[in-house]
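Source: prediction; values computed, not measured.
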Amino acid sequence: MARMGLILLTVALWVTLAHSAGWEAVRKSVKLEWHLEKKPLAVKTSYGPGSGKKLRIIFSNNETTAAAVEVILGTTVKYALGSSCTDNSISLPIQPTNLEENMWIFSKSEKYFTISCNYELLVTIKFAKAADPAKCSSKLTGDIIRYMQFSYQDTMSQFYKQGPQYLKCLSLTIEGSVRERWTDIKPGSTFTVECKEHHVFKGGGKVLNCTAEGIWADLPPKCSKI
């Protein structure tokens, strides 16, 4: 009984702190007005990788669904953006590591969709380079998202609020590279990635471009050990 009381007290405290920080409790299958291009969406959860929980949010423009984003918290965290932007659920190229807060942030510009966790960029999806560019671009290019709702299938999301408007690109880590970590990067900055000795490039571009919108333009490269 004492243990159960402690658990309930901990949960109650967590909920109180969340509300005091401006978080709203998630209500499933309720359509909310949400201009994603101007209001990044932050989602808070107490679940982490390996829990098997799933986030599923549906974004729409008026009455038409533009895309649904999913995050699946398996041992390897996977994501999906619509059926035309990614090939079903695929592993995040950068796995979340700093899990003290478990705050996920979803943002969209005219050409990109980004997923980050605790201010660490995990993936940038460029509509023109999606699994099916024509369909993905026709659904998401431009300033179109007006509504969002948490799906009844969502078992991960607990609280939400407007996320930060970035004046800098999110922190980025490329293990095996000479620099390894990029932080406090101003929009419009460009960098060339170099791999350490006995490492080779694998995937992504060798040039990092922080766009004027404060979004990394492409997937970062990997520096794999030989």
A.B. asks: Restricting to non-hydrogen atoms, name the atom on Gln149 and the atom on Ser29 that form the minimum distance, rounded to 0.1 Å.
C.D. replies: NE2-CA, 4.0 Å
A.B. asks: Would you say the side chain of Ile105 lies within less than 4.5 Å of the side chain of Tyr119, judging by non-hydrogen atoms?
C.D. replies: yes
A.B. asks: Show the numbers, then the answer: is there a side chain to side chain contact (heavy atoms under 4.5 Å, CB included) between Leu140 and Ile145?
C.D. replies: CA-CA 8 Å; Leu140 286 171; Ile145 300 299; 4.1 Å; yes
A.B. asks: Who are the side chain to side chain contact (heavy atoms under 4.5 Å, CB included) partners of Thr211, not counting sequence neighbours?
C.D. replies: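 Thr211: side chain to side chain contact (heavy atoms under 4.5 Å, CB included) contacts with Tyr112, Asn209, Glu213, Ile215, Ala217.
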A.B. asks: Going by heavy atoms in the side chains, are Pro221 and Ile174 under 4.5 Å from each other?
C.D. replies: yes
A.B. asks: Would you give me the side-chain donor-acceptor pairs under 3.5 Å for residues 189-199, sequence neighbours excluded?
C.D. replies:
| from | atom 1 | to | atom 2 | distance (Å) |
| --- | --- | --- | --- | --- |
| Ser189 | OG | Lys186 | O | 2.7 |
| Lys196 | NZ | Glu180 | OE2 | 2.9 |
| His199 | ND1 | Glu197 | O | 3.0 |

A.B. asks: Let me confirm one number: the CZ-SG distance from Phe113 to Cys85, rounded to the nearest 0.5 Å.
C.D. replies: 9.0 Å
A.B. asks: Assigning hydrophobic clusters by single linkage (Ile, Leu, Val, Met, Phe, Trp, Tyr; side-chain heavy-atom cutoff under 4.5 Å), is Ile94 placed with Trp216?
C.D. replies: yes
A.B. asks: What residues form a salt bridge (Lys or Arg N to Asp or Glu O under 4.0 Å) with Arg181, not counting sequence neighbours?
C.D. replies: Glu120
A.B. asks: Is the backbone of Ser157 close enough, under 3.5 Å, to the side chain of Lys53 for a donor and an acceptor to pair up by distance?
C.D. replies: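 No: the side chain of Lys53 does not pair with the backbone of Ser157.
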A.B. asks: What distance do Lys111 atom NZ and Lys126 atom NZ have between them, rounded to the nearest 0.5 Å?
C.D. replies: 7.0 Å
A.B. asks: Going by the side-chain hydrogen bond (donor to acceptor under 3.5 Å, both in side chains) test, which pairs reach into residues 64-80, not counting sequence neighbours?
C.D. replies: Arg56-Glu70
A.B. asks: If you draw a 6.0 Å radius around CD in Gln153, do more than 12 non-hydrogen atoms from other residues or ligands fall strictly inside?
C.D. replies: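 Yes, the 6.0 Å shell around CD holds more than 12 heavy atoms from other groups.
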A.B. asks: Applying side chain to side chain contact (heavy atoms under 4.5 Å, CB included), run through Trp104 and Ile115 and close with a yes or a no.
C.D. replies: CA-CA 7 Å; Trp104 292 79; Ile115 300 175; 3.9 Å; yes
A.B. asks: Would you say Val69 ends up clustered with Ile90 if hydrophobic residues are merged whenever their side chains have heavy atoms under 4.5 Å apart, either directly or through other cluster members?
C.D. replies: yes
A.B. asks: Is it true that Leu121 and Ile185 fall in one hydrophobic cluster, defined by side-chain heavy atoms closer than 4.5 Å?
C.D. replies: yes
A.B. asks: Given the rule that I, L, V, M, F, W and Y join up when any side-chain heavy atoms are under 4.5 Å apart, are Leu32 and Val43 in one cluster?
C.D. replies: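 Same cluster: Leu32 reaches Val43 through Ile, Leu, Val, Met, Phe, Trp or Tyr contacts under 4.5 Å.
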A.B. asks: Taking all non-hydrogen atoms of both residues, which atom of Gln95 and which atom of Leu92 are closest, and how far apart?
C.D. replies: NE2-O, 3.0 Å
A.B. asks: With side chain to side chain contact (heavy atoms under 4.5 Å, CB included) as the test, would you mind laying out the steps for Thr173 and Glu175 before giving the verdict?
C.D. replies: CA-CA 6 Å; Thr173 300; Glu175 295 183 2; 4.3 Å; yes
A.B. asks: State whether the side chain of Glu37 and the backbone N or O of Ile144 hold a donor-acceptor pair below 3.5 Å, judged by distance alone.
C.D. replies: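 Yes.
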A.B. asks: Give the minimum heavy-atom separation between Leu81 and Ile125, together with the two atoms involved.
C.D. replies: CD2-CD1, 3.7 Å
A.B. asks: What residues form a salt bridge (Lys or Arg N to Asp or Glu O under 4.0 Å) with Asp143, not counting sequence neighbours?
C.D. replies: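 By the salt bridge (Lys or Arg N to Asp or Glu O under 4.0 Å) rule, Asp143 matches Arg146.
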A.B. asks: Roughly how far, to the nearest 0.5 Å, is OG of Ser116 from CE of Met103?
C.D. replies: 7.5 Å
A.B. asks: Do Ser107 and Thr114 get their side chains close enough for a donor-acceptor pair, meaning under 3.5 Å?
C.D. replies: yes
A.B. asks: Would you indicate whether Lys129, at its atom NZ, is surrounded by more than 12 heavy atoms from other residues, nucleotides or ligands within a distance under 6.0 Å?
C.D. replies: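 No, not enclosed.
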A.B. asks: What heavy-atom pair brings Leu55 and Asp154 nearest, and what distance separates the two atoms?
C.D. replies: CA-OD2, 3.6 Å
A.B. asks: Measuring from Leu41:CG to Ile57:CD1, what's the distance to the nearest 0.5 Å?
C.D. replies: 5.0 Å
A.B. asks: On the ring face of Phe159, is Lys44 found with NZ or CZ under 6.0 Å from the centre and within 45° of the axis?
C.D. replies: no
A.B. asks: Can you name the residues that form a side-chain hydrogen bond (donor to acceptor under 3.5 Å, both in side chains) with Lys139, not counting sequence neighbours?
C.D. replies: none
A.B. asks: Less than 6.0 Å separating the ring centroids of Tyr160 and Phe150?
C.D. replies: yes
A.B. asks: If you measure from CG on Leu36 to CG on Asn61, what distance do you get to the nearest 0.5 Å?
C.D. replies: 12.0 Å
A.B. asks: Mind checking whether Phe59 and Val30 sit in one hydrophobic cluster, side chains of I, L, V, M, F, W, Y counted as touching below 4.5 Å?
C.D. replies: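 Yes; tracing contacts between hydrophobic side chains, which count when under 4.5 Å, links both residues.
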A.B. asks: Report, as yes or no, whether the 6.0 Å neighbourhood of atom NZ on Lys54 holds more than 12 heavy atoms from other residues, nucleotides or ligands.
C.D. replies: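 More than 12 heavy atoms, drawn from other residues, nucleotides or ligands, come within 6.0 Å of this atom.
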A.B. asks: Output, in order, the C-alpha distance, side-chain angles, deciding distance and verdict of side chain to side chain contact (heavy atoms under 4.5 Å, CB included) for Val26 and Gln158.
C.D. replies: CA-CA 5 Å; Val26 164; Gln158 294 168 310; 5.5 Å; no
A.B. asks: Where do Leu73 and Met156 come nearest, in terms of heavy atoms and distance?
C.D. replies: CD1-SD, 3.5 Å
A.B. asks: How many angstroms lie between atom CG of Asp132 and atom OG1 of Thr86, to the nearest 0.5 angstrom?
C.D. replies: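 Rounded to the nearest 0.5 Å, the CG-OG1 separation comes out at 11.0 Å.
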A.B. asks: Looking only at heavy atoms, which two atoms of Phe127 and Ser109 are closest? And how far apart?
C.D. replies: CE1-O, 3.9 Å
